[in-house]
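Worth knowing before you read on, the calculation uses all heavy atoms, side chains too, and leaves out hydrogens, waters and symmetry mates. So that the names make sense, note that chain A is the first sequence line, chain B the second, and so on, each numbered from 1.
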Amino acid sequence: MKSGRAIKSNGNPLPIGYGLVFILTLAPILLFFLSTLTETSPQKTEWIFLAVPTGRRFVLLLNTIVLALSVAGVTVLAAWAVALCAWMYAPRVASWLLLGVIPLVVVPPYIHALTWLSLDQLAGRLLGRWGFWGGVPSGMASTIWVEWAAYTPLAFGCLLLGLRAIDPDLLDAARLSRSDISVLFRTVLPLTSPAFLTAGGIIFLFSLLDYGIPSLLQIHVYALEIFADFNATENVTGALGLAIPLLCIGAGSLALLLEPILTFAFQQSRGSLVWVNPPSVPVWFNRTVGFLTGAVLFQAALPLVVMVKMSPRLKDFSTIVAQAMPDILYSLKISTTAGLICLPAAAVIGRALLQPSPWRKGAWFVLLLPLALPSSLVGIMLIQLTKYWPASRAFLPVWVNVFRFLPLAVLLVTAHLRTVDPLLLESAMVFQPSWRRRLFFINLPLASPGLLAGLGCVVSLAMGELAATLLVVPPGSSTLILRIYNYLHFGASQTVASLCLTLSLTVLLASGVMTLVVLWWSKIARSSEALR
Amino acid sequence: MITLRNLHKFYGEVCALKGISLDIQPGDRVVIQGASGSGKTTLLRLIAGLELLDKGEILLDGNIASTPGWASPPFSRKVGMVFQRNALWPHLTVSQNILFAMNGVSREEKAIRLEELIHWMEIENLLRRFPAQLSGGEARRVALARAVASLPRRLLLDEPFTSLDFSLKSRLLDLLLAFISKHQITTLYVTHDLDEAFKAGGRLIILEKGELVA
């Protein structure tokens, strides 16, 4: 005989989660490919020739790959040195550095372009009068420098998290057998390989698929070719054909990186105090690490100094900000809406992707695919899709950001959900029959750090999104980053510095508040753990 | 020889070890017993050079190895250790785990020693496996083989047979004691299990709230 009220389970999350991945990510890509190729007459086969880069485009593709590899290599190497230094010698400082660096990850790279351009102006003023300065330093070296500066916080954060995830017992066991320098290269390095590959791979993809910084520094890259071609001809098939080489490289890299990215996202921090007996390493090693740490710290402080130094007096500053206020509000509207759409979607998808399933890896690959698409192609793709759903034209700027940043929100939410003890959820099912009460009083509060981190990430990245927004923003509207980008073409100025400062403060405030809430929540969780 | 003089170790305000003094002669076997939190593991980690002490000093073969705020590198102490958990490096196979622990040994000598160790621990068929592919008992055998791979002069065993079933525990203990006797290795053996302590033999010391009581 059955007695009492049956407890409703929260249901199988797989169908709805996988369904969302299909609707939000795979369906737009498939629809774009199918519609573009079916609308092209069989006689018009030029897109096939565009898909195979030859001559000038082949050289351009090679140069773009070399640039992206150089940026990824230099950034990860320098960030490893700094992360190692912080992890080995100053674990407590490292914890604070990590907190300080997390918000910096989302500061748009154009701030670093401003720094570079203003340094150029300064050098021009100082050296130009003696004829030592030949003009704007553009080219690959300056692009590598600016992108290195922009992506270092991301690499540093990943690598420090990777180092902190090393089991202290593994390190201790190695230290008993080998010298500390040997332990660093033969034990620590392999154990942090998921963090290395994740940071290096993501930076490689960002650099490969974006054209914002190179275009400012007068470097032609393959992603810019797609944007320029579409802008000149509005030929969607041609843009798709041109994008295919980048798509193949991006998707191939993502397939190779999938395992390390998931390993990295799901590893757990073991704490920081592992080198209680400080390492004994050769002087050359300490000097190299010290030099790289100095270079990175210098490079991190420089944008702030330049922005503050170049910003005008408060009165002029407020005038510039007031003039840009419609753009600031429009940016906030777009980014917050994108964040709020991503949040529930990330929670549902995250829950589904944690369940064992034979299609799990495939679903992760599809979900992360937007990270491997050239940003200009994302804009073109969504414009093309508005043909089937004209009403969506008004939401294009939001849709672009949801499409591009949902994968990162899901990664953050899932990484947190994985740390929630399933027993807590199961015990709620035992004691509370109402699924609504379970959802609002148990499930959501437990998931909130991950949800907030995901929201902060999407809002901040959407504030700085340029390459796809440039194509989809409706006439008469502009975002703050678009205004900055347009001004930056004329060099560094007080106006650009003021706008960059405003953008940085907005982004830092958004992500800083999220970080503080997450910390506050973790503190409560820790204290309740201690009481049990 | 291991000499401990008036060792003190604090974690914040908690005193983990209070005035421990002990002389351990070469080849001696010392069994350490005590309740959880009595400082057994801390004592082993101090001897291994993995922790810094707050007061007192540690001498190895008459040379100062640790003083307050300073410790010679763990690698230089010629110590082997079995941790409470296996701590096998997950990216290395079983044979690579053992070989990595042999330092300053010629290639030929490594091969001979590896052969000896795998026969001793009966792990011939596990050499190409990764730690994630081992059972608990197999992983423990590998951890033991790795701990003695460099033929250390001192062996620190931190509850090496916890969570193993009785028959396996007994078998592995016999193998380990035979190896220790054969190579005259100075051994510090931490265990909760009284049977294990009696079987291990040697000198028994008891720690209580960080103090040596017997």
(request) Search all heavy atoms of A/Ala173 against all heavy atoms of B/Ala87 and return the closest pair with its distance. (result) CB-O, 4.2 Å
(message) For a quick test of reading the model, state the closest non-hydrogen atom pair linking B/His91 to A/Leu191 and the distance between them.
(response) ND1-CD2, 3.5 Å
(request) Rounded to the nearest 0.5 Å, what's the gap from CZ on A/Arg175 to CE on B/Met81? Could you check? (result) 13.0 Å
(message) Is B/Leu92 in contact with chain A via its backbone, its side chain, both, or neither, using a 4.5 Å heavy-atom distance?
(response) neither
(message) To the closest 0.5 Å, what do you measure between CH2 (B/Trp89) and CG (A/Asp169)?
(response) 11.5 Å
(message) In the structure I gave you, are the side-chain heavy atoms of B/Phe100 and A/Arg186 within less than 4.5 Å of one another anywhere?
(response) yes
(request) May I ask you to test the B/Leu52-A/Pro278 pair for a side-chain heavy-atom distance under 4.5 Å? (result) yes
(request) Let me know if B/Ser76 has heavy atoms under 4.5 Å from chain A in its side chain, its backbone, both or neither. (result) neither
(message) Tell me whether the count of non-hydrogen atoms from other residues, nucleotides or ligands lying under 6.0 Å of NZ in B/Lys110 goes above 12.
(response) yes
(message) To check you understand the geometry: which heavy-atom pair defines the closest contact between B/Leu50 and A/Val276, and what is its length?
(response) O-CB, 3.5 Å
(message) Quick check on A/Ser280 against chain B: is it the side chain, the backbone, both or neither that has a heavy atom closer than 4.5 Å?
(response) side chain
(message) Tell me the closest heavy-atom pair linking B/Met102 and A/Arg178, and the distance in Å.
(response) O-NH2, 3.4 Å
(message) Check this for me: B/Phe10, atom CZ, are more than 12 non-hydrogen atoms of other residues, nucleotides or ligands nearer than 6.0 Å?
(response) yes
(message) Within the 4.5 Å heavy-atom criterion, are B/Phe75 and A/Leu176 side-chain neighbours or not?
(response) no
(message) Let's test your reading of the structure: which of B/Pro152, B/Ser150, B/Gly49, B/Ala149 forms the most heavy-atom pairs below 4.5 Å with chain A?
(response) B/Gly49
(message) Is the shortest side-chain heavy-atom distance between A/Asn277 and B/Trp70 below 4.5 Å?
(response) no
(request) Please round to the nearest 0.5 Å and tell me the distance separating atom CZ of B/Phe83 and atom CG of A/Asp167. (result) 9.5 Å
(message) What's the separation between atom OG in A/Ser177 and atom CG in B/Asn97, rounded to the nearest 0.5 Å?
(response) 9.5 Å
